[in-house]
Amino acid sequence: MDRAAAPEGTKVYFAAVEKVLQARCVQCHAAKPTLMPEAPKGVLLDSKDAVAQNALKIYQQAVQQKAMPIGNITNITDEEHAVLGAWYEAGAKTQ
């Protein structure tokens, strides 16, 4: 997986990413989602392992295309999109 380098000095803590995912994504992307019967395309974001496995999809869908969340149903902000983008670009570490 190629990742662009984050701006020098940028430090993204996974805790910030988890906060965004919990607030904006897991309502749909969880083993037991609350906004729909099942996770779209089977993409789960409710554990560190699942987030690591889906890092590229998170980046593509939420950051590059801003297609997620669909219709911005959970009101993700531009700043939260930026947190996800900086995390991915810094290597998508979950530690």
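Numbers here are sequence positions counted from 1.
- Ring planes of W87 and F14: tilted class, angle from 30 to 60°.
- Within the model, atoms CD of Q22 and CD of Q27 stand 8.0 Å from one another, a figure rounded to the nearest 0.5 Å.
- Residue A39 comes nearest to P33 through the heavy atom pair N-CG, 3.8 Å, listed as atom of the first residue, atom of the second, then distance.
- The closest side-chain heavy-atom distance from C28 to P69 is not below 4.5 Å.
- Across all their heavy atoms, V12 and A86 have their closest contact at CG2-CB, 3.5 Å.
- Checked by atom type and distance alone, the side chain of D46 never pairs as donor or acceptor with a backbone atom of H29 at under 3.5 Å.
- In terms of hydrophobic clustering, with Ile, Leu, Val, Met, Phe, Trp and Tyr side chains grouped at heavy-atom distances under 4.5 Å, V17 and I58 are assigned to a common cluster.
- Between the E80 side chain and the T77 main chain, a donor and an acceptor come within less than 3.5 Å of each other.
- Separating the CD1 atom in I73 from the CZ atom in R24 is a distance of 12.0 Å, to the nearest 0.5 Å.
- Counting non-hydrogen atoms of other residues, nucleotides and ligands closer than 6.0 Å to CD of Q64 gives a total above 12.
- L44 and A50 make their closest contact through O-CB, 3.2 Å (heavy atoms, listed as atom of the first residue, atom of the second, distance).
- Transitive grouping of hydrophobic side chains (ILVMFWY, heavy atoms separated by less than 4.5 Å) keeps L35 and V26 in distinct clusters.
- Judged purely by atom type and a 3.5 angstrom limit, D49 has no side-chain atom pairing as donor or acceptor with the backbone of Q53.
- Under the 3.5 Å distance criterion, with hydrogens and angles disregarded, no donor-acceptor pair is assigned to the side chains of E18 and Y13.
- Taking the side chain as every heavy atom from C-beta outward, L21 and L84 approach each other to under 4.5 Å.
- Distance check, rounded to the nearest 0.5 Å: SG of C25 to CG of L45 gives 6.0 Å.
- The 12-atom threshold is exceeded at NZ of K48, counting heavy atoms of other residues, nucleotides or ligands nearer than 6.0 Å.
- A salt bridge links D78 to K66: one of the charged nitrogens lies within less than 4.0 Å of a carboxylate oxygen.
- One hydrophobic cluster holds both V20 and V43 under the rule that ILVMFWY side chains link at heavy-atom gaps under 4.5 Å.
- At a threshold of 4.5 Å between side-chain heavy atoms, the hydrophobic network of Ile, Leu, Val, Met, Phe, Trp and Tyr places M68 and I76 in two separate groups.
- Looking at N54, its side chain never comes within 3.5 Å of a backbone N or O of K57 through a donor-acceptor pair.
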